[in-house]
Every structure is written in C-alpha cells, then in structure tokens.
There are 2 protein chains.
Amino acid sequence: MTSTMMDVPLQIRRLLEHGATIHGGSRVVTATGTASGLHETTFADVARGAARLAGALAALGVQPGDRVATFMWNNNRHVEAYFAVPAMGAVLHPLNIRLFPEQIAFTANHAADRVVIVDNSLLPGFAKLLPSLKSVRHVIVAGAADRGVLEGTGVGVHDYESLLAAQPVTYDWPEVDERAAAAMCYTSGTTGHPKGVVYSHRSIYLHALAEAMPDVFDLSARDLLLTVVPQFHVLAWGLPYAAFATGTSLAMPDRFLAPEPLAAFIAAARPAKGAGVPTVWMGLLQYADAHPEADLSSLTDLVVGGSAMSEALMRGLDARGITGLHAWGMTEMSPLGTLSRPPAGAKEEDVDGYRLTQGRFAAPVEARLVGPDGETITWDGASVGELEVRGPWITGSYYLDDDEERFDEGWLRTGDVGTITHDGYLRLTDRARDVIKSGGEWISSVELEGHLAAHPDVVEAAVVGVPDDTWGERPLATVVIKEGASVEVSELREFLSTKVAKWQLPERWAVVPEIPKTSVGKFDKKIIRAAYAHDDLNVTTLG
Amino acid sequence: MTSTMMDVPLQIRRLLEHGATIHGGSRVVTATGTASGLHETTFADVARGAARLAGALAALGVQPGDRVATFMWNNNRHVEAYFAVPAMGAVLHPLNIRLFPEQIAFTANHAADRVVIVDNSLLPGFAKLLPSLKSVRHVIVAGAADRGVLEGTGVGVHDYESLLAAQPVTYDWPEVDERAAAAMCYTSGTTGHPKGVVYSHRSIYLHALAEAMPDVFDLSARDLLLTVVPQFHVLAWGLPYAAFATGTSLAMPDRFLAPEPLAAFIAAARPAKGAGVPTVWMGLLQYADAHPEADLSSLTDLVVGGSAMSEALMRGLDARGITGLHAWGMTEMSPLGTLSRPPAGAKEEDVDGYRLTQGRFAAPVEARLVGPDGETITWDGASVGELEVRGPWITGSYYLDDDEERFDEGWLRTGDVGTITHDGYLRLTDRARDVIKSGGEWISSVELEGHLAAHPDVVEAAVVGVPDDTWGERPLATVVIKEGASVEVSELREFLSTKVAKWQLPERWAVVPEIPKTSVGKFDKKIIRAAYAHDDLNVTTLG
C-alpha cells in the first residue's frame with residue numbers, strides 16, 4: 001500500500017525559499033573589524049544575492065554537478081554561496097584554508113573544482129596556491145582587491161559584486177534529486193591524504209531540521225547565533241542551513257577570530273547563542289578575564305564541539321553565566337552526532353558529569369558499540385567498545401576512495417572508543433588506534449597515562465600497545481621522571497595498581513628523557529612503537 | 001554527481017528504537033480516573049509492548065500493508081499500537097469514535113480494516129458497530145471487559161494482555177520503503193463521505209522532527225506533554241511520534257476529558273505543556289474559575305489548534321500565566337501547517353495580534369495564496385487569496401477517491417481564505433465556500449457578518465453570495481432584528497459603509513425571524529441561498 005503523500009524532494013532551494021520568505025527579515029550580521037562595526041543584511045537580501053550568484057555561475061558555464069569551491073571566512077557572501085551553489089544543482093566545496101597548501105591543492109584537484117570564490121583578505125595566500133590548482137577555470141574575488149596578483153595564470157578573474165550586478169535577483173532553481181550531491185568537505189586526517197565526504201540535499205536538509213531541535217542547538221527565529229565554527233569546516237556544522245530552516249539570525253565573525261576583535265563583535269552584535277571549538281571560547285574567556293571592559297553579557301549558551309569541552313572551560317563559562325553545551329560529531333557525520341543536556345530529573349550533583357559527556361544522539365543517528373572481537377557491547381556506562389554510527393546524514397564511503405576499513409556492514413567506524421549509559425549518554429575515552437587489545441579486552445592508554453601523570457614524580461607518560469606472544473598486545477609505559485626524583489618504575493607500577501585492574505597493569509616500562517611529539521604537540525606513538533621494535537628503549541620488565 | 005551519504009530510510013521503527021534506547025526512561029503517564037490516579041510506563045516498556053503486539057498481529061495473519069484499526073482513547077496501549085502497526089509494515093487506522101456510527105463503518109469498510117483494537121470502555125458502542133464492519137476478522141479488547149457482547153459475530157475476539165503475553169519482547173522489524181503507507185486518517189467533512197489520507201513513514205518522520213522545533217511545539221526530553229488532542233484525530237497531531245524522536249514524556253488523559261477529571265489529572269501528573277482544541281481549554285478554564293482548589297499551576301504553554309483560538313481564550317490563559325500558542329493545520333497536512341509565536345523584536349502592543357494569527361509555516365510546508373482568477377496573491381497582510389500548500393507531509397490525493405477539485409497542479413487547495421504578511425504570518429478569514437466572488441474580487445461574508453452583528457439592534461446576521469448578472473456574485477445580507485427595535489436595513493447599510501469599502505456593501509437585504517442553522521449550530525447558508533432562489537425571502541434592494 002502506498003501513501004497519498006506528495007513526493008516533494010528535500011532540497012536546499014526549499015530551505016532558501018523558506019528563509020527568504022517566511023524569515024526574510026532575519027539577519028546575517030558580519031564583523032568588519034572597524035569601530036563602526038557591523039555589516040548587516042537580511043535573509044531576503046541573501047536570497048537575492050544567491051540568485052544573482054547562481055546566474056553569474058551559470059553564465060561562467062557551471063553545470064549541474066560541477067564543483068564550485070570557496071576560500072572564504074564566515075560572512076554574508078559565503079552564506080550566499082552556501083545556498084546558490086547547491087540550489088542551482090552544482091556542488092559546493094568550501095576549501096579548508098587552515099590545511100597545508102599542498103593539502104588544499106590536493107583537495108581542490110581531487111574534487112576537480114571548476115570555480116573558486118575567494119575573500120579578498122585571503123587573496124595573497126590563494127594567489128600562491130592557484131598555480132597548483134589544475135581544474136580551476138574561474139576565480140571570483142569577493143571584496144575590493146588587487147586582482148592583478150592572479151594575472152598570467154590563464155584562469156578567468158572576476159569581481160564578485162560586478163559579476164552579480166549583471167544578473168537578475170531571481171533564478172529559476174531546478175528541481176534536483178534529493179540524493180544528488182549538494183556539497184563536499186574533506187577530513188583533515190593526520191595521516192595520508194584528506195578524504196572527501198559528499199553531502200546530499202537530503203542529508204543537509206534532515207540535518208538542519210534535527211539540529212534546530214530544543215535538545216540539540218535549540219534554534220528559533222528569535223535567536224542570533226554567533227557562528228564561530230568556520231564555514232570551511234564541515235559546512236559550519238550545517239548552521240547556515242539550520243538558520244534558513246528556522247529564521248535564526250547569524251552573527252558571522254569573518255576573519256576577526258582573535259579574542260579581542262571577537263569580544264568587540266560580541267559586544268556590538270549581542271548574540272545569546274554561539275557555536276565553536278573550545279580553543280576559541282577559552283581564548284575569549286582569558287581575554288575577558290584580563291580585560292574587565294570586555295562585554296560578553298549577551299551570551300547565554302555556547303555549543304562546544306570539534307574537540308572535548310574541558311571541565312575548566314565549563315567552569316569558566318559557568319562563572320560568567322554562560323552554559324557550555326558539549327557536542328560531538330565528525331566531518332563524516334555532517335557533523336552532528338550528540339549534544340549533552342542533562343536528563344529530566346537529574347540530581348544536582350550529577351548535572352556537571354552529564355554535561356561533560358559527549359551527550360545523547362540526535363534522533364536520526366543510530367549508534368552501537370563494538371568490542372575487540374566484533375561483539376556488540378552493552379550500554380551500561382562501563383563496558384567499552386568502538387563507536388559505530390549509521391544514519392541518513394552519515395557517509396557510507398569516501399569520494400573516489402575505497403577505504404573499506406572505515407565501514408562495517410553499513411555502519412561507519414568512528415575510530416572513537418568509549419561507553420554509552422543506559423540512558424544514551426556517550427562518553428568517548430580513546431581513539432581506537434590508542435587502545436591496547438589484550439586478549440579480547442581493551443586497555444585504555446589514555447586512562448593509564450592520566451594516572452601515571454598524576455604521580456608527583458612523573459612529568460609525563462605515554463602508553464602504547466606493543467606485540468605480545470600470549471596476549472596479542474600489551475601496554476608499554478614510557479615515563480619522564482622529574483629532575484631530582486628517584487622513583488623506581490616498580491613503585492610506579494605499584495601506584496598504578498591502586499587505580500586500575502591488575503590485568504591492565506603494564507609489564508613493560510621505560511624511563512625516557514622526553515616523550516616524542518607530533519607537530520601539534522600530541523604524543524607521537526608511532527615513534528615510540530618504532531623505538532620499541534628497534535630495541536632503542538631501555539625496557540624493564542615487571543610482573 | 002551522487003553523494004556518499006548512507007541511504008537510510010526514514011522509518012517509524014527507527015523512531016521507536018531511538019525512543020526505546022536513548023530515551024528509554026521517558027514516560028507515558030495515563031489517567032485512570034481514580035483517586036490513586038496515574039498509570040505510568042516508560043518508552044522502553046512501550047517498545048516491548050509494541051514488539052509483543054506486532055508479534056501477536058503477525059500471529060493473527062496481519063501482512064505488510066494490511067490495515068489495523070484502533071477504537072481507543074489516548075493511553076499507553078494506544079501508543080503501543082501507534083508504533084507496532086507501522087513498524088511491522090502494516091497500516092494504522094485510528095477510527096474516529098466521534099463520527100456517526102454510519103460514518104465510522106464507512107471509513108472502516110473503505111479502508112478494509114482487518115483487525116480492530118478496542119478500549120474496554122468503548123466496547124458497548126463498538127459491539128453495536130461491529131456487524132456493519134465487513135472486512136474485520138479479529139477484534140482485540142484492551143482491558144478487562146465482558147467480551148461476550150462480541151459473540152456470534154464470526155470474528156476472532158481476543159484479550160489484549162493475554163495475546164501479548166504469549167509473544168516475545170523483541171520483534172524483527174522489517175526494513176520498509178519510506179514512502180510506504182504507515183497510517184491513515186479520514187477527514188470528517190461536513191458534506192459527503194469522509195475522505196482518507198494515507199501517511200507514509202517518511203511523512204510522519206519528517207513531521208515529527210519539524211514539530212519538535214523550538215518555534216513549533218518546542219519538545220525536549222525534559223518535557224511532559226499533556227496530549228489532549230485525541231489519538232483518533234490526525235494521529236494526535238503526530239505528537240506520539242515527535243515524543244519518541246525527542247524523549248518528551250506523554251501525559252495521556254484516556255477518556256477523562258471532562259473539565260473536572262482533566263483538572264485532577266493535570267494536578268497529579270503536572271505537565272507544563274499541552275496540545276488540544278479550544279473547547280477543552282475553555283472548559284478547563286471555566287472549571288478552574290469556579291473551583292479555586294483546581295491546580296493548573298504546572299501549565300506554562302498550551303498549543304491551541306483544531307479551530308481558531310479566540311481572544312477570550314488567549315486572555316483567560318494569560319490570566320493564569322499560561323501562554324496559548326495558536327496552531328493551524330488539516331488532516332490532509334499531518335496536520336502541521338503553522339504555529340504562532342511573535343517575531344523577534346515585535347513591539348509590545350503588536351504581540352497579541354501576532355499571537356491571534358494562525359502563525360508562520362514550518363519549514364517543509366510551502367504556501368501560496370491564489371486569487372479568484374487563479375492569480376498569485378502578494379503577501380502584504382491585506383490582499384486575500386485561497387491558501388494552497390505543498391510539502392512532503394501534505395496529501396497529493398485522497399485514498400481511492402478522485403476529488404481532483406481539491407488539488408491545483410501539485411498543490412493542495414486548503415479551502416481556507418486569508419492573508420499572509422510579508423513576514424509569513426497567516427491570517428485565515430473565511431472558508432473559500434463562504435467568500436463572495438464579485439467581479440474578480442473576494443468579499444468576506446464573515447467580516448460583513450461580524451460588523452452587522454456588532455450593531456446594537458441586530459441579534460445575528462448571515463451574508464451569502466447570490467448570482468448577479470453584472471458581477472457574477474453579490475452579497476445578500478440576512479439579519480435578525482432585536483425584539484422591539486425598529487432599525488431599517490438602509491440604516492444598517494449606512495452603518496456598514498463606515499466599516500468596509502463601498503464595493504463590498506450588499507445591495508440585497510432581508511430581515512428574517514431567525515437564521516437557519518446546521519446540526520452543529522453553524523449558519524446553514526445552503527438553506528438561505530435556496531430560499532433566495534425560490535423567492536421565499538422578502539428582499540429589499542438598496543444602493
């Protein structure tokens with residue numbers, strides 16, 4: 001039996017039209033970095049700009065399915081591109097300006113971007129990049145700029161405003177299949193090339209509806225949302241689309257992300273809600289602590305995602321009357337996975353514990369925990385497994401890539417390891433590659449490292465898994481001892497035995513002068529494992 | 001270019017699984033009408049009950065696509081049926097117990113219902129109905145009852161609890177196409193047979209997500225929602241599905257809808273939010289005014305839908321600190337169309353005006369106004385047109401019916417006439433059949449009636465359209481004059497000329513002893529038009 005419902009596809013153009021009509025007066029407020037402050041435009045204006053941009057792109061020969069890249073900060077023109085490109089049937093590819101130039105070039109070439117829209121403030125860097133972009137035929141520069149730096153590259157160079165001025169303020173948006181590509185982003189994997197994820201009209205639309213829900217970002221037409229998460233990072237968590245679905249006004253910081261101008265922007269635009277990574281909020285708090293004149297008083301709720309919200313950040317926000325809401329997701333997940341709000345009736349003393357978990361899954365995201373031997377792990381808040389997810393906005397593959405290891409019979413392997421409580425709160429504890437698989441059980445290297453680092457004579461400690469004939473893998477503890485201290489590794493093992501189960505205690509120990517680190521300051525466990533394999537560590541075996 | 005997103009269908013089973021796991025502790029609280037008060041169960045329990053029910057229905061021979069009807073109040077077992085039936089691939093058909101018996105039989109026969117689940121309290125009425133239900137093979141009675149009243153009818157008669165007890169608490173839910181039928185409801189049209197609308201898994205799922213959004217019903221896992229709108233009416237506005245999508249607990253009044261037991265239920269369960277028709281809320285307010293001991297203090301937000309929220313109801317709710325939220329929809333629309341929350345930055349003096357409009361459209365609902373000659377009407381808050389809607393949860397036809405007049409090139413003609421402001425607020429003023437089409441313009445009979453009824457010498461007034469050689473149609477005003485008053489119709493016309501444009505003034509007037517009414521007390525305009533056609537009215541022509 002089929003239903004009598006209309007078959008109306010879920011499309012970006014419909015979000016655009018909804019925002020432009022029902023919420024035509026909602027605003028995009030962009031920071032200008034000047035004392036006079038703010039550039040304001042309306043959703044109706046953005047829609048007119050999007051129509052003009054689509055006309056201009058079509059005039060440049062952009063066809064359905066063609067990739068149109070952006071190299072831009074968060075601002076009103078970038079929002080225009082977010083709607084124009086997918087709504088006209090092309091594919092938006094926001095280039096991640098924070099990647100190394102070689103990686104940016106890799107992603108642009110891998111995606112075969114035809115056109116790039118570039119913010120004038122990013123033009124110098126982009127000009128250096130352009131010669132390595134093999135498929136680009138046109139560059140559109142947004143804002144006044146010396147476009148001469150792009151001369152001689154053989155691509156068409158255009159001024160955004162002039163190009164749009166020649167086009168009408170309406171566009172005959174096509175009907176597209178809701179499963180067609182709408183936008184793409186690349187992961188910034190620490191190893192290997194970035195991998196592409198291609199979002200559909202359907203996935204973006206569903207994500208926008210669910211993201212707006214009260215237990216997720218809680219977005220209404222009465223809100224002004226400080227969107228610090230960059231538009232070049234997982235589509236700014238999909239927030240521009242959720243904004244047009246709900247009428248939520250957007251406060252866009254453009255390139256003014258340093259604490260001082262960001263604080264000035266907040267004082268001028270007065271957003272109540274915001275979304276961004278912990279480092280930005282931490283920097284903002286530190287700035288405000290040092291500058292009592294900074295006015296953050298409009299802020300009430302900040303979503304913290306991208307990396308974990310620390311207890312220090314939560315307390316710092318609390319002290320200013322701002323609720324930090326912990327969210328977790330991935331580029332592969334559009335990115336929404338979870339957001340943490342304490343459950344109904346939570347005891348006062350449990351509330352902060354709930355807030356520091358990754359939170360509960362939004363309805364369309366299905367989750368399961370899988371153990372070392374592929375078994376399903378119970379949601380009891382204690383049993384550990386690798387998190388796998390499934391849903392209509394989660395990627396089932398990578399673009400032109402056959403990394404099948406990341407998928408498990410229709411589920412995405414997140415590479416994160418943790419627990420889920422009986423009432424659905426996710427707590428991630430480790431990356432899968434950092435857990436040690438010992439005889440069908442997992443040992444958390446992060447947990448052992450935390451306990452060791454808490455010993456008064458230890459500066460820092462890294463624990464890695466090393467091959468073991470009996471158990472498959474066992475932990476190796478490498479520790480840096482404080483200058484002047486004379487603690488023995490047997491004493492450290494004794495200390496650790498008061499913290500974790502006996503079978504988790506490392507047998508292999510090495511005192512080292514320092515822990516090798518990656519360029520971003522994380523423990524470089526590859527180097528430790530290699531040193532162990534080459535017998536370059538002075539290992540003591542205990543137990 | 002296709003996306004890399006997983007192709008995960010939107011299914012009722014996924015809402016069920018989400019609610020049963022992530023929100024397994026959320027509650028369904030059902031009124032019992034006794035002093036001890038409340039029956040409580042959890043979403044996890046409801047899911048186990050749903051699995052058992054699906055097992056029982058399968059054992060009775062229910063196949064994918066078969067219709068399973070309910071004849072039930074709002075309660076936990078009815079919620080079990082809401083999930084079990086669609087999730088197993090069958091089609092839920094809640095019979096509207098408030099229709100005339102012949103109409104109920106018509107809908108059950110038209111839908112070809114195979115099984116009916118009946119609340120014990122409704123068994124006597126159902127027993128009388130059963131002989132006229134031609135396709136029903138099994139009746140399942142929920143709750144203790146004398147099932148003997150169903151003997152001799154040739155159908156299988158079962159006890160709900162016994163049937164479920166024989167089944168496991170899990171069910172191997174099938175994957176179904178998201179466009180497959182999940183549930184159906186019939187409109188209760190005042191003329192002709194009821195018409196069937198068949199909802200899909202997709203339409204119900206999308207409706208649930210959008211309904212939960214902050215500017216719509218604003219549903220979170222911290223809420224307990226008093227669901228007064230019956231489950232036999234447009235799927236209780238889809239709220240049980242939205243509840244499982246969000247973890248919102250449900251307070252279900254069962255058959256205890258009279259003001260006194262409803263007030264007692266509210267005092268015991270203490271819901272903050274609620275959804276229902278104006279008459280229920282009005283009755284509740286009147287009861288509470290007369291009974292100071294009634295405790296409605298838990299209520300903060302009540303959605304008022306089904307018919308228009310009057311200013312008196314809004315003020316009455318305001319006086320108790322309860323916000324009345326005006327919503328509008330149709331059976332054909334799942335039913336969500338609009339909900340009214342004032343816009344950001346509305347002036348204090350405009351807020352109540354906004355609240356009394358039908359409100360703004362939820363994102364997936366597209367709307368347009370169409371004028372008498374098929375032209376599109378501007379959204380200026382003044383120009384009047386018939387409202388047409390389109391979207392993924394709006395019906396594109398009626399079940400086994402070819403009423404094509406209700407559809408206009410892919411849009412549903414709502415039969416409602418009104419205006420939309422530039423910022424998307426809908427104000428419905430008339431039913432399309434009550435507007436008078438005069439020379440390509442519409443005249444609102446409701447508006448003229450309102451003005452006439454406000455005259456001190458007028459008891460009531462009905463205005464209908466009658467044929468006119470020059471204008472196609474012109475208004476005829478029929479008025480009942482107060483006993484003892486001696487006002488002339490020319491004076492009434494003069495009075496009206498201070499209220500409306502000259503071209504809207506009726507030429508034809510008739511003083512009548514009373515206005516003919518339908519069985520539900522509405523003006524019976526068919527009878528007035530017929531009387532005019534047969535020259536049975538003493539018509540004065542003016543102007």
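Atom set for the values below is all heavy atoms of this structure, side chains included, hydrogens, waters and symmetry mates excluded. What you see is a predicted model; the values in this text were computed from it and never measured. In the text below, chain A, chain B and the rest are named by the order of the sequence lines, each starting its count at 1.
In this structure, no portion of A:Ser249 lies under 4.5 Å from any heavy atom of chain B. If you measure heavy-atom distances from B:Thr421 to chain A, you find no contacts under 4.5 Å at all. Using a 4.5 Å cut-off between heavy atoms, B:Leu209 contacts chain A through both its backbone and its side chain. Heavy atoms of B:Glu178 lying under 4.5 Å from chain A belong exclusively to its side chain. Within the 4.5 angstrom heavy-atom criterion, atoms from both the backbone and the side chain of A:Ile394 approach chain B. Residue contact with chain A, scored on non-hydrogen atoms closer than 4.5 Å, is absent for B:Pro64. Heavy-atom distances place no part of B:Ala183 under 4.5 Å from chain A, backbone and side chain included. For a residue to count as touching a neighbouring chain, one of its non-hydrogen atoms must lie under 4.5 Å from one of that chain's; by this rule B:Val176 does not touch chain A. For a residue to count as touching a neighbouring chain, one of its non-hydrogen atoms must lie under 4.5 Å from one of that chain's; by this rule B:His422 touches chain A with the backbone only. Proximity to chain A is absent for every atom of B:Ile420, based on heavy atoms less than 4.5 angstrom apart. With a 4.5 Å cut-off on non-hydrogen atoms, B:Leu412 touches chain A through its backbone and its side chain both.
Among B:Gly247, B:Ala344, B:Gly345, the residue with the largest count of heavy-atom pairs under 4.5 Å with chain A is B:Ala344. Most heavy-atom pairs under 4.5 Å with chain A, from the set B:Gly65, B:Gly89, B:Gly424, B:Ser397: that is B:Ser397. The candidate from A:His201, A:Arg67, A:Glu366, A:Arg202 with the greatest count of non-hydrogen atom pairs under 4.5 Å with chain B is A:Arg202. Ranked by heavy-atom pairs under 4.5 Å with chain B, the first of A:Val91, A:Asp223, A:Ile22 is A:Ile22. For the set A:Gly396, A:Ala363, A:Gly410, the entry with the most heavy-atom pairs within less than 4.5 Å of chain B is A:Ala363. Comparing A:Met184, A:Arg390, A:His23, A:His18 by how many heavy-atom pairs each has under 4.5 Å with chain B, the most go to A:His18. Interface remark: of the candidates A:Thr246, A:Leu15, A:Leu206, A:Leu206 forms the most heavy-atom pairs closer than 4.5 Å to chain B. Between chain A and the residues B:Gly24, B:Gly391, B:Ala210, the largest count of heavy-atom pairs under 4.5 Å involves B:Gly391. Your options are A:Thr2, A:Val198, A:Asp423, and the one with the most heavy-atom pairs under 4.5 Å with chain B is A:Val198.
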Report task. List the steps, then state whether ring-ring contact (aromatic ring centres under 6.0 Å, His included) holds for B:Tyr398 with B:Tyr186. Result -> CA-CA 9 Å; B:Tyr398 292 101; B:Tyr186 280 77; 9.6 Å; no

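At least one donor-acceptor pair closer than 3.5 Å links the side chain of B:Ser340 to the backbone N or O of B:Tyr354. Side-chain N or O atoms of A:Tyr425 include one that pairs as donor or acceptor with a backbone N or O of A:Arg341 at under 3.5 Å. The closest donor-acceptor contact from the side chain of B:Ser200 to the backbone of A:Ser3 lies at 3.5 Å or more, if one exists at all.
The pair A:Arg14-A:Glu175 meets the salt-bridge criterion, since a charged nitrogen lies less than 4.0 angstrom from a carboxylate oxygen. Ion pair B:Arg406/B:Asp401 not flagged as a salt bridge, since none of the NZ, NE, NH1 or NH2 atoms sits closer than 4.0 Å to an Asp/Glu carboxylate oxygen.
The side-chain heavy atoms of B:Val365 and B:Leu336, taken from C-beta on, include no pair separated by under 4.5 Å. Taking the side chain as every heavy atom from C-beta outward, B:Thr395 and A:Met6 never approach each other to under 4.5 Å. Side chains of A:Arg270 and A:Leu224 form no contact here, defined as non-hydrogen atoms less than 4.5 Å apart.
Side-chain polar atoms of B:Thr331 and B:Thr187 form no donor-acceptor pair below 3.5 angstrom. Judged by distance alone, the side chains of B:Tyr199 and B:His207 never bring a donor and an acceptor atom under 3.5 Å apart.
Ring pair A:Phe43/A:Phe244 is parallel by interplanar angle, where below 30° counts as parallel and above 60° as perpendicular.
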